[in-house]
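Throughout, numbering of the chain's residues begins at 1 and tracks the sequence.
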Amino acid sequence: MYGISKHDCGSCGSDGTGSQDALERRETMSGREYALAFPIWVEFGAGSSEALGDLVASQGWEKPLVVTDRGIVDAGLLEDVTSSLAAAGIDRAVYDGVEPNPTTAMVDEATAALEAEGCDAIVAVGGGSSIDVGKGASLMATNPGEVADYEVSSPSEVADAPIENRPLPLATVPTTAGTGSEVDYWAVITDEDREFKMALGQSPQYPGGPYLGAELSVVDPVLTESLPPRQTAATGFDAFSHALENRVSATCPPIVEPMAERVLGLVPEHLPRAYEDGDSEARERMLFGSHVAGFCENFAGFGAIHSLAETTGGMYPSIPHGEAIAACTPAVMRYNLEAVPERYAEVAAAMGVDTAGLSTREAALESVAAVERLVDRLDLPSGLGELGVAESDLPEIATKSLDTIEIHDNPRPADADDLLEIATAAY
């Protein structure tokens with residue numbers, strides 16, 4: 001996913017097309033220009049969730065709908081949120097019907113709850129699924145039609161800005177260190193009829209414009225401490241994959257490069273400790289890394305890893321997203337490094353691999369080996385077969401992956417045959 005603007009950096013006319021001089025200047029420049037918008041207030045740190053109520057009150061929101069899942073309720077995490085709202089005198093309603101790999105039906109249910117309860121904002125509490133449903137409901141509360149009407153599958157569709165009305169105000173409270181969804185402008189919702197994960201997304205197309213993101217984000221590492229080891233590993237590797245694909249993306253702007261590299265170093269250092277013994281410092285560093293990666297994905301693209309993993313998840317909704325990501329990553333890396341070995345050599349260096357004396361290609365291959373070691377240490381699946389994917393479904397996965405928005409920014413072009421070859425190697 002990435003941020004995209006109708007207005008380029010530099011001089012432009014009111015219609016966003018710019019003057020002829022500006023166009024000529026852009027033709028002779030490096031192609032590394034970018035537009036950046038980040039209209040989200042973030043509170044990061046242990047105990048920051050205690051400030052949620054005051055932050056909501058500061059916005060004048062009177063009755064938010066808390067969107068979450070039963071796991072959050074059963075773990076007692078929702079009490080931290082609702083008590084903060086109550087202390088600030090904020091009324092609230094709760095929708096807790098979110099499940100992994102959320103569907104259009106869940107967005108419809110949350111939207112109906114908004115209307116029935118007379119809510120004027122949303123507080124999404126949980127992992128990426130809860131936050132994505134919160135985004136979907138905030139979108140549909142103020143815009144006509146159905147969720148699928150806002151699917152984007154190409155850069156041009158994003159640039160067309162399908163979201164005309166500003167979504168209902170949204171605050172996000174992540175409880176996993178993985179998706180970065182609390183600060184990005186994207187949501188992934190499964191269309192059950194097509195067994196396909198749709199991308200919804202829009203960054204501000206102009207200052208103050210409507211976008212699919214939060215006004216407030218409270219990022220509290222304490223809320224991740226009860227996350228079970230398997231989910232810690234899967235969501236943490238998802239954060240790593242965001243930084244990886246952003247860093248090698250065909251559309252990675254220069255501002256993203258150092259931040260993505262920081263995450264590529266943080267995850268191998270801290271995720272194993274967070275997974276193996278739940279170390280609180282490691283969890284805090286992982287949440288920071290996930291958070292930074294979420295920022296990056298607003299402005300840089302993904303690629304074939306997410307295309308294949310999300311398509312697989314649409315067809316097999318019981319497969320955790322992070323596990324599908326882990327299964328696909330090494331095979332995609334091997335395919336891509338043939339075209340851009342220098343980028344993967346930089347990934348290896350960011351991961352702490354000693355690449356002194358190695359050729360660029362040798363260093364690039366070391367990045368794959370380092371990722372495979374990380375997957376193994378985290379006990380994540382090393383292939384799609386381990387996840388119960390039928391080998392006979394690989395051609396359909398490859399074909400459907402071409403309809404995802406992520407494939408457009410893969411650093412090496414890939415058609416259905418190429419993706420089938422990658423999926424087979426990842427099996």
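Between atom OG of residue S154 and atom NE2 of residue H408 there is a gap of 5.5 Å, rounded to the nearest 0.5 Å. Taking CE of M351 as the start and CD of E366 as the end, the distance is 10.5 Å to the nearest 0.5 Å. With rounding to the nearest 0.5 Å, the separation of OG in S290 from CG in D238 is 8.0 Å. A distance of 8.0 Å separates CD1 of I163 from OH of Y150, quoted to the nearest 0.5 Å. A distance of 10.0 Å separates CG of L139 from CD1 of I189, quoted to the nearest 0.5 Å. Note that OG of S367 and CZ of R247 are 11.5 Å apart. Values are rounded to the nearest 0.5 Å.
Between the side chain of T235 and the backbone N or O of G178 there is no donor-acceptor pair closer than 3.5 Å. Without hydrogens or angle criteria, D220 side chain to G47 main chain gives a donor-acceptor distance under 3.5 Å.
Side-chain contact between F288 and H270: absent, with no pair of heavy atoms (C-beta onward) separated by less than 4.5 Å. Looking only at side-chain heavy atoms (C-beta outward), V94 and L65 stay at 4.5 Å or farther from each other.
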Query raised in the report: For K400 and E396, what are the C-alpha separation, side-chain angles and deciding distance, and is it a salt bridge (charged side-chain N to carboxylate O under 4.0 Å, His left out)?
Result: CA-CA 6 Å; K400 280 187 170 182; E396 184 178 357; 3.3 Å; yes
Query raised in the report: Between T142 and N165, is a side chain to side chain donor-acceptor pair (under 3.5 Å) present by the stated rule, with each step listed?
Result: CA-CA 6 Å; T142 60; N165 302 320; 5.6 Å; no
Report task. Take E109 and Y95 through the test side chain to side chain donor-acceptor pair (under 3.5 Å) and record every step on the way to the result. Result -> CA-CA 8 Å; E109 289 172 358; Y95 169 76; 2.6 Å; yes
Report task. Would you check, one step at a time, whether the test side chain to side chain donor-acceptor pair (under 3.5 Å) holds for T190 with T103? Result -> CA-CA 4 Å; T190 298; T103 64; over 6 Å; no
Requested in this report: Might you work through the side chain to side chain donor-acceptor pair (under 3.5 Å) test for S307 and T404, ending with a clear yes or no?
Outcome: CA-CA 6 Å; S307 293; T404 65; 2.8 Å; yes
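Salt-bridge check for E117 with R92: failed, with every basic side-chain N at 4.0 Å or more from each acidic carboxylate O. Salt bridge present: R334 and E372 bring a charged side-chain N and a carboxylate O closer than 4.0 Å. The pair E225-R283 does not count as a salt bridge, with every side-chain nitrogen at least 4.0 angstrom from each carboxylate oxygen. Between E269 and R285 no salt bridge is recorded (no basic side-chain N to carboxylate O distance below 4.0 Å). A salt bridge links R166 with E215: the distance from a Lys NZ or Arg NE/NH1/NH2 to an Asp or Glu carboxylate oxygen falls below 4.0 Å.
Across A331 and I422, no two heavy atoms sit closer than the pair CB-O, 3.7 Å.
Here the rule is side chain to side chain contact (heavy atoms under 4.5 Å, CB included) with I319, and of N101, T312, L384 only T312 fits it.
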What pairs of donor and acceptor atoms, side-chain ones from residues 118-137 against any protein atom, are under 3.5 angstrom apart with sequence neighbours left out?
| unit_1 | atom_1 | unit_2 | atom_2 | d |
| --- | --- | --- | --- | --- |
| D120 | OD1 | E62 | N | 3.4 |
| D120 | OD1 | K63 | N | 3.0 |
| D120 | OD2 | E62 | N | 2.8 |
| S130 | OG | D69 | OD2 | 3.4 |
| D132 | OD1 | S181 | OG | 2.9 |
| D132 | OD2 | V188 | N | 3.0 |
| K135 | NZ | S181 | O | 2.8 |
| K135 | NZ | S181 | OG | 3.1 |
| K135 | NZ | D184 | O | 3.0 |
| K135 | NZ | D184 | OD1 | 2.5 |
| K135 | NZ | W186 | O | 2.7 |

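Residue E43 places its CD atom among more than 12 non-hydrogen atoms of other residues, nucleotides or ligands, all under 6.0 Å distant.
With no hydrogens or angles considered, no side-chain donor-acceptor pair links Y335 and N410 at under 3.5 Å.
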